[in-house]
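Keep in mind that what you see is a predicted model, and the values were worked out from it rather than measured.
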Protein chains: 2
Amino acid sequence: MSDPPDLKRESILSAAQTQFSRYGFRRTSMEDIAKETGVSRASLYSHFENKEEIFRTLSAQLQERSLEAAEARLKDEASTPDVSARVEAALLARLTPFLEVVAQSAHGSEIYDENSRLCGELVLASSERFLGMLTTAMAAAARSGEIDLKSAGLTAPAAAELIHLAATGLKQSADVATLEKRVRGFVRVFLAGLGA
Amino acid sequence: MSDPPDLKRESILSAAQTQFSRYGFRRTSMEDIAKETGVSRASLYSHFENKEEIFRTLSAQLQERSLEAAEARLKDEASTPDVSARVEAALLARLTPFLEVVAQSAHGSEIYDENSRLCGELVLASSERFLGMLTTAMAAAARSGEIDLKSAGLTAPAAAELIHLAATGLKQSADVATLEKRVRGFVRVFLAGLGA
DNA sequence: AATTGACAATCCAGCCTCGAATTGTCAACC
DNA sequence: GGTTGACAATTCGAGGCTGGATTGTCAATT
């Protein structure tokens, strides 16, 4: 099921994340990453093609993890019987890592730009995947009668899109605590509006 | 009530808007604006201090107009007895001009950046003012019993903030028609969630 | 008073150089 | 296999220079 994790690779990624967060992408040199890892610069090239690949790997890992966490929250009907609570948890799982990287680091906007440049398609694809999850969840909740899309005049994709776009706006929060409060408030009201 | 409108100033502003939209702020010269207005470049300086002031005036006018329109929609309880419909109309009045400038022009992002740089405080203040209007509207609707904030666990400012932030996300629409559809869907569901 | 052409001052994109920092790739080593 | 120091190639920012475009300000004109 799970591949054997490459410890050295992981330690390099962890060191790189630390340095990127501290200095941004451009101002972090391979030397910095090597030193933080405790290894020579040359050996980094045994594990990654170059700095961009380290960054892309890190970004992909973050995306993947947040998507998996979000999906898990959406699917966990056993311990969270409420759609509203599942959507809330999924949005937080998806948004929190982003906020921690971008709003936490002094170089958040630079990192954000580099991410668009180096991983633009991945970001887009992840966004689509998340939208797909939400759509599935909305459709399922409509089928089970937990929400009523028809009387709202919406389809499942349209409802998912609204939640997704609204969440994009809510991302503009200064810290995780604020984000949590806002997401909770938003999801409760919005899903209540759908009859949840 | 209304100041006598300075026709020459208005015609300069109109010409400038055309050119800014066509070429962006930096690539539009005073010569361009003068030619479009049909006067000499020198005479522009009889009416405006410089290019930045023309831009700022244009931006302020746009902000002011969208705010006034939004406020009018919110206050028009006579012809629009529904809070939901008023909020929907107000959001559209506020967002549409923005979308027309930014999403329409090929230089939208440059204009957006210059606007932040030259009119940052104004943009912020306008945003606050709009948030204030929404807060007032929410509070009034709660007072009249048209919505129920308490059972949603929200205050009027919190509810207004959620609507405002969500609208920020909805702004990411490719055209006005899409924006309208989304705002309508969002507002109906959200206000329904508040018991409207 | 508003408008204008003309003038001097300023800005700015392009281009060059320079040198230090950084990169990617070895052969040698463990 | 992975690791390393060392090497050559490349990148990158600072700085300076140039010419053309653009700006802001006149005194003269209507």
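Among the nucleotides C:dT3, C:dT23, C:dT4, the one closest to any side-chain atom of B:V39 is C:dT4. Of the candidates D:dT22, C:dT4, D:dG5, D:dG5 carries the atom nearest the A:A42 side chain, counting heavy atoms from C-beta on. When distances are taken from the side chain of A:Y45 to each of D:dT23, D:dT3, C:dT25, the shortest belongs to C:dT25. Proximity note for A:S40 (side chain, C-beta onward) versus D:dT4, D:dA6, C:dT3: the nearest is D:dT4.
The CD1-P distance, from A:I12 to D:dG2, rounds to 11 Å in whole Å. For the pair B:K8 NZ and C:dT3 C1', the computed distance is 8 Å after rounding to whole Å. Atom NZ of B:K51 is separated from atom P of D:dA21 by 16 Å (rounded to the nearest Å). Note: CZ (B:F25) to P (D:dT23) measures 9 Å, nearest angstrom. The CD atom of A:E31 sits 13 Å away from the P atom of D:dA6 (whole-angstrom rounding). Between A:L7 atom CG and D:dG2 atom C1' the separation is 14 Å, expressed in whole Å. In this structure, the CE atom of B:M30 is 16 Å from the C1' atom of C:dG5, given to the nearest Å.
Using a 4.0 Å cut-off, no side-chain N or O of B:S43 falls inside it from OP1 or OP2 of C:dA2.
The distance between the ring centers of A:Y23 and A:H107 does not fall below 6.0 angstrom.
In this structure, B:L13 CG and B:F55 CZ are separated by 12.0 Å, a value rounded to the nearest 0.5 Å.
For A:R41 and C:dG24, a side-chain-to-base donor-acceptor distance below 3.5 Å is present, hydrogens and geometry of angles not being considered.
One finds no salt bridge joining B:R56 and B:E53 here, because no Lys/Arg side-chain nitrogen approaches an Asp/Glu carboxylate oxygen to under 4.0 Å. Between B:R129 and B:E64 there is a salt bridge, since at least one side-chain N of the basic residue sits less than 4.0 Å from a carboxylate O of the acidic one.
Nearest-nucleotide mapping onto DNA chain D: of A:R26 and A:L44, the residue sitting toward the 5' end is A:L44.
Contact annotation for B:S46: base contact, defined as any heavy-atom pair under 4.0 Å involving a base atom.
At a cut-off of 3.5 Å, with distance as the only test, a side-chain donor of B:S66 or B:R94 sits close to an acceptor on the other residue.
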